[in-house]
Number of protein chains: 2
Amino acid sequence: MLNPLIRKLARGAELSADDRRTVEEAITDVRQIGPRQDLIREGDRPDEVHLILEGFACRYKTLADGQRQIMAFLVPGDICDLHVAILGAMDHGIGTLSACTVAFIPQTTVAVLAEKHPAIIRALWWNTLVDEGILREWLVSMGRRPADKQMAHLFCELLVRLESVGLAKDNGFEFPLTQEELADALGLSPVHTNRVLTQLRDDGLIRLSGKRLDILDLDRLCTYAGFDPAYLHLTKRRAS
Amino acid sequence: MLNPLIRKLARGAELSADDRRTVEEAITDVRQIGPRQDLIREGDRPDEVHLILEGFACRYKTLADGQRQIMAFLVPGDICDLHVAILGAMDHGIGTLSACTVAFIPQTTVAVLAEKHPAIIRALWWNTLVDEGILREWLVSMGRRPADKQMAHLFCELLVRLESVGLAKDNGFEFPLTQEELADALGLSPVHTNRVLTQLRDDGLIRLSGKRLDILDLDRLCTYAGFDPAYLHLTKRRAS
DNA sequence: CGGCATTTTGACAATCGTCAATCAGTGTGG
DNA sequence: CCACACTGATTGACGATTGTCAAAATGCCG
């Protein structure tokens, strides 16, 4: 399988064949991680960068009263913590949701890339900035969209993101999350999440069974959610 | 007055006297902007970077139905759009709230800095990453904190941020926003914002009159909000 | 003083959360 | 194969938070 990171970066930045090979070669330490494991905890200063190759992970914070807020879904091709080298300590945790395949890339390798392959670093920064755009859109969703549209918007976003790394087919994709985890991402209670999900199903917009999510009427779902993919900055080129 | 950007960057990164002078010299085009003016609109590709020197501005998005969500407050020392050069088009707007003094710095100047003063660029990236941390904390607030604690948390954050650029005194600062603008940042209705504000006042936690916000009992407000300033990454050094 | 934006208040409605029970699916051991 | 336990999904009843609408009060500025 083509490395999902390269596949994604190629959409937003210019990478030469040499750059791509360099990225491939940086991925040597690949590990299988079980579901619901922490990759990094708040306060850590990891000396490796983590790249998701398979599975779903998330950024999250846990409040003093035990509530959890998921701040981002990390899917194949996503880098978890490029910023730690600059920021110092992690201000949030990163954990797997499903079982994941994760590449551990030493900071020293990243530093070498920065030195010798500026195009790669630029592409990685592009990626980081897209993630920030996603974060902003989540904030908009939580602040100004009712729960049903917020959820619809999230599903639209995931479809586009997973398509960009070749993991969506026929407007559907693997979605190995419990409703409780989905609730933690939406800022809702699990019960209300269930009700909203039921409503979207009853409206014929989606089907969620087993661990697969199918979008039955993409146009209508996008309209319903007010989804405009511009914030994903994926328009430069088509997948090759 | 000491340039607030330099003051802030000095807290999180190492800048030599030469670096500081270089930053000073990059600020030549300084303009006065009235309140409620757009600096950049969604879709723009500005060829200047904007730096707030005085006043309050914000990042925002407007939905199709006219609702607005403010995604960040930009205060003196904050850079609005360092990322545009990498991302292409703006996926959100930036507008002033109060009257502002804004430095317009050409992208070419930034490119020269990147070439000749890596420490400055590194400091600017540090700043961008802190902004991302703030965004994550806002998401947590919106998702998992009730309105009163969310507002309390925001006030704690603003105090720390404004202190770091020398704009807070005696646990108070200029806060030139209407309640409607505050509501757009919190994701609340203006009416509910007013009620929560009244409650915080009645609890003796804050005073908000005219355009000044005073925190009357900082310890209690921080406890109430569950505020932990770690995410602001301002711990490396004291203000000099 | 008059005009206007902003703040404040009350009454009521909608959304969402909590609690508790039930149902469904899955895997285990006998 | 079935009994059992366990997790996750679903449903109902009810309560809390937040939104909406409309009016009144306040403050600011010419």
Side-chain angles (χ1 to χ4, degrees), chain A residues 34-36 56 63 65-70 97-99 140-154 174-203 206-213 224-225, chain B residues 34-37 56 63 65-70 96-99 140-154 174-203 206-213 224-225:
Chain A
R36 300 173 193 209
F56 269 61
L63 298 186
D65 61 2
Q67 290 188 99
R68 178 170 72 161
Q69 178 64 47
I70 289 177
L97 295 166
S98 68
V140 172
S141 273
M142 302 217 3
R144 291 302 186 205
R145 285 194 252 260
D148 52 355
K149 301 199 174 190
Q150 183 190 1
M151 189 183 290
H153 197 278
L154 174 63
E174 294 304 307
F175 187 70
L177 305 197
T178 66
Q179 291 183 13
E180 186 174 359
E181 291 163 336
L182 181 58
D184 282 343
L186 297 172
L188 301 172
S189 67
V191 173
H192 196 61
T193 300
N194 178 277
R195 296 205 155 103
V196 172
L197 212 39
T198 302
Q199 177 205 316
L200 292 182
R201 269 195 282 240
D202 291 348
D203 286 353
I206 63 164
R207 179 173 50 201
L208 177 58
S209 60
K211 304 236 162 281
R212 184 172 180 83
L213 175 68
Y224 186 68
Chain B
R36 299 172 195 212
Q37 303 293 311
F56 268 61
L63 299 187
D65 60 3
Q67 290 189 99
R68 178 171 71 161
Q69 177 65 46
I70 290 176
T96 61
L97 295 165
S98 68
V140 172
S141 274
M142 300 214 10
R144 289 302 185 204
R145 286 193 251 260
D148 50 356
K149 301 199 175 191
Q150 184 191 3
M151 189 182 290
H153 197 279
L154 174 62
E174 294 304 307
F175 187 71
L177 304 198
T178 65
Q179 292 182 12
E180 187 174 358
E181 290 162 336
L182 181 58
D184 282 343
L186 296 172
L188 302 172
S189 67
V191 173
H192 196 61
T193 300
N194 179 276
R195 296 204 156 103
V196 171
L197 212 39
T198 302
Q199 177 206 318
L200 293 182
R201 270 195 282 243
D202 291 349
D203 287 351
I206 62 163
R207 180 174 50 203
L208 177 56
S209 60
K211 304 235 160 281
R212 186 172 179 82
L213 176 68
Y224 187 67

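Letters go in sequence order (proteins before strands), and every chain restarts at 1.
With hydrogens and angles ignored, the 3.5 Å screen pairs a side-chain donor or acceptor of A/R144 with a backbone N or O of B/L188. Under the 3.5 Å distance criterion, the side-chain polar atoms of A/R145 are left unmatched by any main-chain donor or acceptor of A/V140. Formation of a donor-acceptor pair under 3.5 Å by the A/Q150 side chain with backbone atoms of A/L186 is found in this model. B/S98 places a side-chain N or O within donor-acceptor distance of the main-chain N or O of B/F56, the cut-off being under 3.5 Å.
Taking atom CZ of A/F175 as the reference point, atom P of D/dG8 lies 14 Å away to the nearest angstrom. In this structure, the NZ atom of A/K211 is 11 Å from the C1' atom of C/dG25, given to the nearest Å. When rounded to the nearest whole Å, the span between CD of A/Q199 and C1' of D/dT11 equals 16 Å. One can place CG of A/D202 at 12 Å from C1' of D/dT10, the figure rounded to the nearest angstrom. Between the P atom of D/dG19 and the CD atom of B/E180 lies a distance of 13 Å, rounded to the nearest Å. D/dG27 atom P lies 19 Å from atom CZ of B/R212, rounded to whole Å. For the pair B/R201 CZ and C/dT9 C1', the interatomic distance rounds to 13 Å; values are reported in whole Å. If you take NE2 of B/H192 and P of D/dC21, they are 17 Å apart, rounded to a whole angstrom.
Distances were taken from every side-chain heavy atom of B/R195 (C-beta onward) to each of C/dT18, D/dT18, D/dT20; the shortest belongs to D/dT20. Taking only side-chain atoms of A/S189, from C-beta outward, the nucleotide of C/dT6, D/dT10, C/dG17 with the closest atom is C/dG17. Checked against D/dT11, D/dG8, C/dT9, the side chain of B/V191 finds its nearest nucleotide in C/dT9.
When heavy atoms are screened at a 4.0 angstrom cut-off, A/R36 is found touching the sugar-phosphate backbone but no base atom. If you check every strand for non-hydrogen atoms under 4.0 Å, A/G187 touches sugar and phosphate atoms only. No contact: A/P190 has no heavy atom under 4.0 Å from any strand. Among the protein residues, A/L197 comes within range of no part of the nucleic acid, since none of its heavy atoms lies under 4.0 Å from any strand. At a threshold of 4.0 angstrom between heavy atoms, the contacts of B/R145 with the nucleic acid are absent.
For C/dT8, one of the phosphate oxygens OP1 or OP2 lies less than 4.0 angstrom from a side-chain nitrogen or oxygen of B/N194. One finds no side-chain N or O of B/Q179 lying less than 4.0 angstrom from the OP1 or OP2 phosphate oxygen of C/dA5.
Taking a cutoff of 4.0 Å between a charged side-chain nitrogen and a carboxylate oxygen, A/R36 and A/E181 qualify as a salt bridge.
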